[in-house]
Amino acid sequence: KQEVTQIPAALSVPEGENLVLNCSFTDSAIYNLQWFRQDPGKGLTSLLLIQSSQREQTSGRLNASLDKSSGRSTLYIAASQPGDSATYLCATFPWGNDMRFGAGTRLTVKP
Amino acid sequence: DAGVTQSPTHLIKTRGQQVTLRCSPKSGHDTVSWYQQALGQGPQFIFQYYEEEERQRGNFPDRFSGHQFPNYSSELNVNALLLGDSALYLCASSLLHDNQPQHFGDGTRLSIL
């Protein structure tokens, strides 16, 4: 059974810092991996989707990498802003199975 | 272009009651998945519907059932509500044979008293 773990559970940084969020998974036989953002009381907004044949994806200040062999993905946020404050979730698509989520990292960016 | 819409946004029920949640997928999508998200946790997969059939199911009891209509909209039904069913219920839509991200609605917040 696929287990997804996100570390740290919470992170507080001053504005302007570069930061890394970590995601690890136990089954490397995944179809793809997706990073989401969730604001309080809201649904999920897709940030980046990395297909199994890819190693990274970039969108603006965000960069996500995927290393299937080690069961790890990282989300890098450059020059963080207060508007980046949210919970960040990673999710894997194991082959032939349903989507599995981590519990998320709650990020606070202080002005 | 409307995204995924869910109704109602909030709902309060008592133990033992039944509830129906609704989801309209993003235009052009044919697949609807439902997730339960408890406070402080990641979403847990309930089931997925495609062509009006349940395609996959997570580890949820039979009290949780669903339906997909010919227009691709979907309902989630929960019978004999328990306190532990209190959660945010999320609906996501996608195209089954297109490896693109799932699109999520804002969810229905269900509180059981």
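Owing to the predicted nature of the structure, the values given are computational and were not obtained by experimental measurement.
- Put simply, of B:R57, B:Q102, B:H103, B:Q48, the one with the most heavy-atom pairs under 4.5 Å next to chain A is B:Q102.
- Both the backbone and the side chain of A:L44 come within contact range of chain B, judged by heavy atoms closer than 4.5 Å.
- Neither the backbone nor the side chain of A:Q6 comes within contact range of chain B; no heavy atom of the residue lies under 4.5 Å from a heavy atom of that chain.
- No hydrogens or angles considered: nothing links the side chains of A:S46 and A:W35 as a donor-acceptor pair under 3.5 Å.
- For the pairing with B:I46, the side chain to side chain contact (heavy atoms under 4.5 Å, CB included) check across B:V78, B:L76, B:L90 returns one residue only, B:L76.
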Practice problem: Take A:E56 and A:T58 through the test side chain to side chain donor-acceptor pair (under 3.5 Å) and record every step on the way to the result. | Solution: CA-CA 7 Å; A:E56 66 176 335; A:T58 298; 4.7 Å; no
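- Aromatic ring centroids of B:Y72 and B:Y49 lie 6.0 Å or more apart.
- Contacts between B:Y35 and chain A at a heavy-atom distance below 4.5 Å involve the side chain alone, from C-beta outward.
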